[in-house]
Amino acid sequence: MRRYSLTVSLHILAVAVLSALCLWLALEGLWFCTLTCALAGLAVAFRLYRLQMTQIRMLRHMVQSLQHDDTMLAFRPPYRNRALEEMAGELSRAMQSFRNRVWEQHEMEAWQKLISVLTHEIMNSLAPIISLSETLSGRKMEEKDHAVIRQGMRTINRRSKDLLEFVENYRRLTRLPAPVRQPVSVSELLTGLRELYPEDYIHIEIPATDKILCIDRTQIEQVIINLIKNASQACGNAEAPRIEVSVQTSFAWQCLISVRDNGCGIMPEVQDKIFVPFFSTRPSGSGIGLSLCKQIMNRHGGKIAVQSVPGQGSCFTLYFGR
């Protein structure tokens, strides 16, 4: 920032000196020198204007990114200039610091929610097992009680299997492999997904202007497949179900892929919980699909967000940075 301030000050000083020199040369009648000095002053003023406009554009990009909750922005000056490069570096470091504080806060909140869900689910499974086992162990073994004992053992067996399945789902979340990122065409990605879903109510739009993303194609395909699966279930009772997968317009450094449906929507009070592991709004849901999607997007340096209106549908958006 010091270099930028010094550069601006020198430009202002140069404009002032050249303006005074032009006035003196004009009074002396040296018109050719006056014209040369005026052109030099205009060049310095234009350079100062260019510096200021570049600074304003970088600050505007920063504000727009924060408004859209996008902290992945890295600043780069449009042309080589040491002062602008210094300012761009400071802005990038500020965004990095802000991002690290947002992630730490979100990570802490996610752990608190995860611990709450884990405690709830484990207690739900262990409490009846403990209660039933204590009841059975305290009974005297008589022939007429054999049917009751068998029923109790079957219940213990079933709840134990449920708990084992719960733990296996947790292991799936914690053993997600690191993404192997390669350049992938967005059009090619969506074309491959279109072949998987020939249903009339699923519309996968291929963008007119292609973009290249550095991603693990298999993992991102799985994210979109999970979102389409959830959307299909949400549209199960709709008269005319419709699912749309498209690339949204965004800033030059972003790519946004959205999955929109006209299903039942998500209640406002649970929208902030749907990405928590093992939380599900469906009785038969495992609660790991969306949390897995979020984890994959985080590992790609992106994010996933949702907008939903109960009774009208939901829109999940994947944000990819450069």
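- The minimum heavy-atom distance between Ser314 and Gly265, with the atom names listed, is OG-CA, 3.6 Å.
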Practice item. With side chain to side chain contact (heavy atoms under 4.5 Å, CB included) as the test, would you mind laying out the steps for His203 and Arg242 before giving the verdict? Key: CA-CA 8 Å; His203 302 267; Arg242 183 175 179 85; 2.7 Å; yes
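- Contact between Cys255 and Val186 at its shortest, heavy atoms only, is SG-CG2, 4.0 Å.
- Inter-residue side-chain proximity for Val245 and Leu193 is flagged as unmet; no heavy-atom pair is nearer than 4.5 Å.
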Exercise for review: Let me see the working for Ser258 and Gln307 under side chain to side chain contact (heavy atoms under 4.5 Å, CB included), right down to the final yes or no.
Suggested key: CA-CA 11 Å; Ser258 67; Gln307 292 179 323; over 6 Å; no
Point to revise | Trace of the side chain to side chain contact (heavy atoms under 4.5 Å, CB included) decision for Val223 with Leu292 | key: CA-CA 8 Å; Val223 169; Leu292 194 64; over 6 Å; no
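- The one candidate from Asp216, Ile215, Thr218 that meets the side-chain contact (heavy atoms from CB on, under 4.5 Å) condition with Pro179 is Asp216.
- Taking 4.5 Å as the limit, every side-chain heavy atom of Ile228 sits out of range of all side-chain heavy atoms of Asp261.
- For the pair Phe32 and Leu30, the minimum side-chain heavy-atom distance is 4.5 Å or more.
- Smallest separation of non-hydrogen atoms from Gly302 and Asn298: O-OD1, 3.7 Å.
- A distance of 11.0 Å separates CG in Asn262 from OH in Tyr201, rounded to the nearest 0.5 Å.
- With a 4.5 Å cut-off on side-chain heavy atoms, Ile243 and Arg260 do not count as touching.
- The shortest distance between side-chain heavy atoms of Phe316 and Ile304 falls below 4.5 Å.
- The two atoms that bring Gly41 and Val15 nearest to each other are O-CG2, 4.4 Å, heavy atoms only.
- Note on Val270 and Phe275: same hydrophobic cluster, where clusters join Ile, Leu, Val, Met, Phe, Trp and Tyr whose side-chain heavy atoms are under 4.5 Å apart, directly or indirectly.
- Crowding of Glu199 atom CD: a count of heavy atoms from other residues, nucleotides or ligands under 6.0 Å exceeding 12.
- We find the CZ-CD1 distance between Arg217 and Ile220 to be 11.5 Å, quoted to the nearest 0.5 Å.
- A single hydrophobic cluster is seen to contain both Leu196 and Leu318, as judged by linkage of ILVMFWY side chains at heavy-atom distances under 4.5 Å, directly or through other members.
- In this structure, Val306 is a member of the same hydrophobic cluster as Met267, with clusters built from ILVMFWY side-chain heavy atoms closer than 4.5 Å.
- Between Pro177 and Gln219 there is a side-chain heavy-atom pair separated by less than 4.5 Å.
- Separating the CG atom in Leu25 from the SG atom in Cys33 is a distance of 6.0 Å, to the nearest 0.5 Å.
- Side-chain atoms of Leu18 and Val44, non-hydrogen and from C-beta on, do get closer than 4.5 Å to each other.
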Practice item. List the steps and the verdict of side chain to side chain contact (heavy atoms under 4.5 Å, CB included) for Met297 and Phe320. Key: CA-CA 8 Å; Met297 290 303 298; Phe320 299 90; 3.7 Å; yes
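- Between atom OG of residue Ser187 and atom CD1 of residue Ile206 there is a gap of 6.0 Å, rounded to the nearest 0.5 Å.
- Counting only heavy atoms from C-beta outward, the side chains of Val184 and Ile212 never approach each other to under 4.5 Å.
- Taken from CD in Gln182 to CG in Leu213, the straight-line distance is 13.0 Å, to the nearest 0.5 Å.
- Leu48 and Leu42 are assigned to two separate hydrophobic clusters, defined by single-linkage of ILVMFWY side chains at heavy-atom distances under 4.5 Å.
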Exercise for review: Kindly determine whether His300 and Arg181 satisfy side-chain hydrogen bond (donor to acceptor under 3.5 Å, both in side chains), including the steps that lead there.
Suggested key: CA-CA 8 Å; His300 280 77; Arg181 303 175 68 168; 5.1 Å; no
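- Taking CD from Glu221 and CG from Asn226, the interatomic distance works out to 12.0 Å, rounded to the nearest 0.5 Å.
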